[in-house]
Amino acid sequence: METNYLTAGPVSQKLISQLVEKMSHNTDSGGHSIFLGQVRADEIDGKSVKAIEYSAYVEMVNIEAENIKKKILSEFPDVKSVDIIHSTGIVSAGEISLLVFISAGHRHQAIQACSKTVELIKDNLPVWKKEIFEDDSHKWK
Amino acid sequence: METNYLTAGPVSQKLISQLVEKMSHNTDSGGHSIFLGQVRADEIDGKSVKAIEYSAYVEMVNIEAENIKKKILSEFPDVKSVDIIHSTGIVSAGEISLLVFISAGHRHQAIQACSKTVELIKDNLPVWKKEIFEDDSHKWK
Amino acid sequence: MEVKVLFFGVLAEVSGTQLKHYHDVKSISDLKLRIYDDFPEIVHYNFRISLNSEITDNDLLLKSGDEIALMPPFAGG
Amino acid sequence: MEVKVLFFGVLAEVSGTQLKHYHDVKSISDLKLRIYDDFPEIVHYNFRISLNSEITDNDLLLKSGDEIALMPPFAGG
């Protein structure tokens with residue numbers, strides 16, 4: 001169950017830094033557009049979300065994430081790279097659960113491709129989430 | 001000449017990490033949209049760009065960046081914070097010269113506000129650049 | 001013949017399992033009836049079916065080794 | 001009276017200076033003529049004028065202590 005797209009627990013600061021570091025070696029990129037999804041401490045029926053537990057259909061995530069990558073690269077010829085990392089398992093409020101990192105020659109395609117990638121992830125990645133409240137009760141989303 | 005918007009030399013990995021770290025304390029943010037502008041090793045008339053030297057009208061950068069921040073916060077009520085950092089001085093190819101960091105409750109406004117902030121910066125920040133080539137000749141942009 | 005059925009999200013909770021093998025099922029519609037028999041609660045939930053990691057709305061025939069997943073609406077990001 | 005004139009971008013290179021003080025100038029149009037006298041090359045460049053950090057296209061009157069900047073098209077980002 002190897003995957004380049006899923007990480008156990010939150011997307012770490014270290015992972016984000018490594019990607020930024022890696023991208024800078026590509027001197028024909030002029031812009032990076034990054035989206036970070038973060039777990040909110042939403043209040044629902046008077047109870048505050050303390051974490052989200054994500055589960056995923058791993059094989060299908062790999063297939064769908066590859067499809068998204070291919071789609072973006074063909075639709076945005078100026079895009080040099082597409083990185084997608086989604087959490088599985090527990091991610092606490094304030095922690096990052098999704099990272100999308102697009103590098104492109106110029107800003108417009110970087111920004112547009114990032115936005116589109118996030119939407120495709122929402123629509124197509126087989127990932128589910130369970131909101132866990134302070135009193136350890138939960139709610140499926 | 002105090003400024004929150006300009007940094008001498010490239011926008012460092014450390015600065016980017018610090019911003020990501022800081023943002024995660026805000027547990028009512030659900031999305032961060034980040035744009036990083038990077039110096040490209042463009043080839044112009046057969047010569048490769050090795051660095052860009054940025055100069056800025058510091059007082060006016062402060063005023064205009066404040067205006068951009070206010071505009072974004074009023075146009076996008078879901079946006080919690082707007083951070084803008086632009087380089088001055090020499091930034092080598094592959095290094096970051098602009099960072100825009102938007103945190104919002106939800107992804108759509110984060111992404112739209114980031115895109116708009118980048119455009120407002122391009123149009124309104126009094127910053128100039130000089131491309132420096134491998135043979136130390138230069139060209140104003 | 002044997003197929004593998006995966007339950008995701010709220011359906012894993014409702015069924016009390018993430019994985020169950022079914023024997024001698026001809027088609028997806030046949031399988032669905034068997035699943036509803038085992039876990040009547042599932043009928044109240046909205047979900048899609050994938051066959052070998054590909055979503056399908058058709059009543060396909062099944063063969064030994066097939067992997068079917070019951071997937072509630074995605075909620076990633 | 002004395003005003004402060006800032007030259008940015010390529011205009012700093014063309015004029016050979018980033019800052020020059022001018023005395024006894026009445027208005028922006030008056031100042032521009034004085035600058036063109038000192039640096040005739042500048043007439044070939046496209047630029048905007050700011051008075052005390054605010055861009056203006058008008059021929060405003062100047063007073064002592066005013067800061068005027070000659071700004072080629074912005075190229076940040």
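Just so you know, these numbers use all the heavy atoms, side chains as well, and skip hydrogens, waters and symmetry mates.
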Q: Which N or O donor-acceptor pairs, by atom type, sit under 3.5 Å across chain B and chain D?
A:
unit_1, atom_1, unit_2, atom_2, d
Tyr54(B), OH, Gly77(D), O, 3.1
Tyr57(B), OH, Glu67(D), OE2, 2.4
His86(B), NE2, Gly77(D), N, 2.7
Lys122(B), NZ, Gly76(D), O, 3.4
Val127(B), O, Ala75(D), N, 2.7
Trp128(B), NE1, Pro72(D), O, 2.8
Trp128(B), NE1, Pro73(D), O, 3.4
His138(B), NE2, Glu13(D), OE1, 2.7
His138(B), NE2, Glu13(D), OE2, 3.2
Trp140(B), NE1, Glu13(D), OE1, 2.9

Q: Counting only heavy atoms not in Lys71(B), do more than 12 fall under 6.0 Å of its NZ?
A: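 Open.
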Q: Given that the side chain runs from C-beta out, which part of Ile63(B) has a heavy atom under 4.5 Å from chain D: side chain, backbone, both or neither?
A: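 Contact with chain D: side chain only.
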